[in-house]
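Here the structure comes first, spelled out in structure tokens, and everything after it is commentary.
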Amino acid sequence: QVQLVQSGGGLVQAGGSLILSCGASGRTFSRYVMGWFRQAPGKEREFVAAGSKDGGATYYAHSVNGRSTATKDNAKNMLYLQMSSLKPEDTAVYYCAASDVVTTTFSLYDYWGQGTQVTVSS
């Protein structure tokens, strides 16, 4: 099993940047694909980014592509999501998650962080 604990987030002005962190427990961290999702009030959880097990390849949602960088550090059991040029529509609760496969489908992720609020003010 993998336990995920998130940190970071908060209130940011539009155009600003932030880094979300996700620490993983368990010795099998490197076997999992890690993903990031977000959920805005009244909306479904949506895919943000996902990376390969070795962290060598990363895939992004169109809405954040070019403004985000997701990294996976297997040596430190850490995930990071760096976002810049933030927009009010980026406001959501952000989640890190672990899966056996690279996928944009949230139901295929078995383990989830507790979520962290990101609010972008205009």
Side-chain angles (χ1 to χ4, degrees):
Q1 287 193 347
V2 177
Q3 291 185 325
L4 304 174
V5 178
Q6 297 179 230
S7 60
L11 178 63
V12 184
Q13 286 190 334
S17 61
L18 56 75
I19 298 175
L20 304 180
S21 300
C22 177
S25 65
R27 294 177 292 177
T28 58
F29 176 75
S30 61
R31 294 172 52 187
Y32 289 94
V33 169
M34 307 304 294
W36 290 93
F37 290 79
R38 67 186 182 185
Q39 189 165 17
K43 295 187 177 181
E44 293 186 351
R45 192 166 300 189
E46 66 172 355
F47 169 76
V48 174
S52 59
K53 295 179 181 180
D54 64 358
T58 311
Y59 309 91
Y60 299 95
H62 178 73
S63 58
V64 303
N65 194 28
R67 303 189 292 120
S68 300
T69 301
T71 54
K72 182 176 188 262
D73 188 335
N74 284 331
K76 297 182 178 179
N77 279 17
M78 291 294 297
L79 297 175
Y80 305 96
L81 178 65
Q82 182 174 1
M83 300 185 69
S84 60
S85 301
L86 285 163
K87 307 173 183 179
E89 50 263 44
D90 292 319
T91 296
V93 177
Y94 284 73
Y95 298 89
C96 61
S99 173
D100 289 328
V101 296
V102 179
T103 179
T104 63
T105 304
F106 73 83
S107 61
L108 296 180
Y109 284 78
D110 298 311
Y111 306 103
W112 290 86
Q114 80 277 19
T116 185
Q117 177 70 46
V118 173
T119 302
V120 183
S121 63
S122 58

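Below, each value reflects all heavy atoms present in this structure, side chains not excepted, and no hydrogens, waters or symmetry copies. In this text the structure is predicted, and so the values were computed from the model without any measurement.
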Is [Y] reachable from [X] through a run of hydrophobic residues whose side-chain heavy atoms are each under 4.5 Å from the next?
| X | Y | value |
| --- | --- | --- |
| M83 | L79 | yes |
| L20 | V2 | yes |
| W36 | V120 | yes |
| V33 | Y95 | yes |
| L81 | F47 | no |

Between Y32 and Y111, is the ring centre distance below 6.0 Å?
->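 Yes.
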Which class fits the ring pair F37 and W112: parallel under 30°, tilted 30 to 60°, perpendicular over 60°?
->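 Rings of F37 and W112: tilted, as their planes differ by 30° to 60°.
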Taking S68 for the side chain and N65 for the main chain, is one N or O donor matched with an acceptor at less than 3.5 Å?
->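 Answer holds: no.
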Backbone N or O of R38 within a donor-acceptor pair of the E46 side chain at under 3.5 Å?
->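 No; zero donor-acceptor contacts below 3.5 Å.
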Using the side chain to side chain contact (heavy atoms under 4.5 Å, CB included) rule, take M78 and S21 through it: C-alpha gap first, then chi angles, then the decisive distance, then the call.
-> CA-CA 7 Å; M78 291 294 297; S21 300; 3.9 Å; yes
Any cation-pi pair here, K53 with F29, using under 6.0 Å and within 45°?
->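 Judged by the rule (NZ or CZ under 6.0 Å from the ring centre, within 45° of its axis), K53 is not positioned above F29.
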Note, L108 side chain near F106 side chain (heavy atom, < 4.5 Å) =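 With C-beta onward as the side chain, the pair stays apart.
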Does a side-chain heavy-atom distance below 4.5 Å link T104 with Y59?
->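 Answer no - side chains too far apart.
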Please report the shortest heavy-atom distance between [X] and [Y], naming the atom on each side.
| X | Y | value |
| --- | --- | --- |
| Y109 | T105 | CD1-O, 3.3 Å |
| A97 | L4 | CA-CD1, 3.7 Å |
| K72 | S52 | CD-O, 3.8 Å |
| G9 | V118 | CA-CG2, 4.0 Å |
| S122 | A14 | CA-CB, 4.2 Å |

Take Q114 and C96 through the test side chain to side chain contact (heavy atoms under 4.5 Å, CB included) and record every step on the way to the result.
-> CA-CA 8 Å; Q114 80 277 19; C96 61; over 6 Å; no
Side chain to side chain contact (heavy atoms under 4.5 Å, CB included) between T116 and V93: does it pass, once the steps are laid out?
-> CA-CA 5 Å; T116 185; V93 177; 5.9 Å; no
Distance (rounded to the nearest 0.5 Å) between [X] [atom1] and [Y] [atom2]:
| X | Y | atom1 | atom2 | result |
| --- | --- | --- | --- | --- |
| S99 | D110 | OG | CG | 6.0 Å |
| L86 | Q13 | CG | CD | 11.0 Å |
| C22 | D73 | SG | CG | 12.5 Å |
| Y80 | T71 | OH | OG1 | 7.0 Å |

So does D90 pair up with R67, basic N to acidic O under 4.0 Å?
->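 The answer is yes: the pair qualifies as a salt bridge.
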E89: what forms a salt bridge (Lys or Arg N to Asp or Glu O under 4.0 Å) with it, not counting sequence neighbours?
->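 None.
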Go through the side-chain N and O atoms of Q117 and T119 and say whether any donor and acceptor fall under 3.5 Å apart.
->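 T119 and Q117 do have a side-chain donor-acceptor pair below 3.5 Å.
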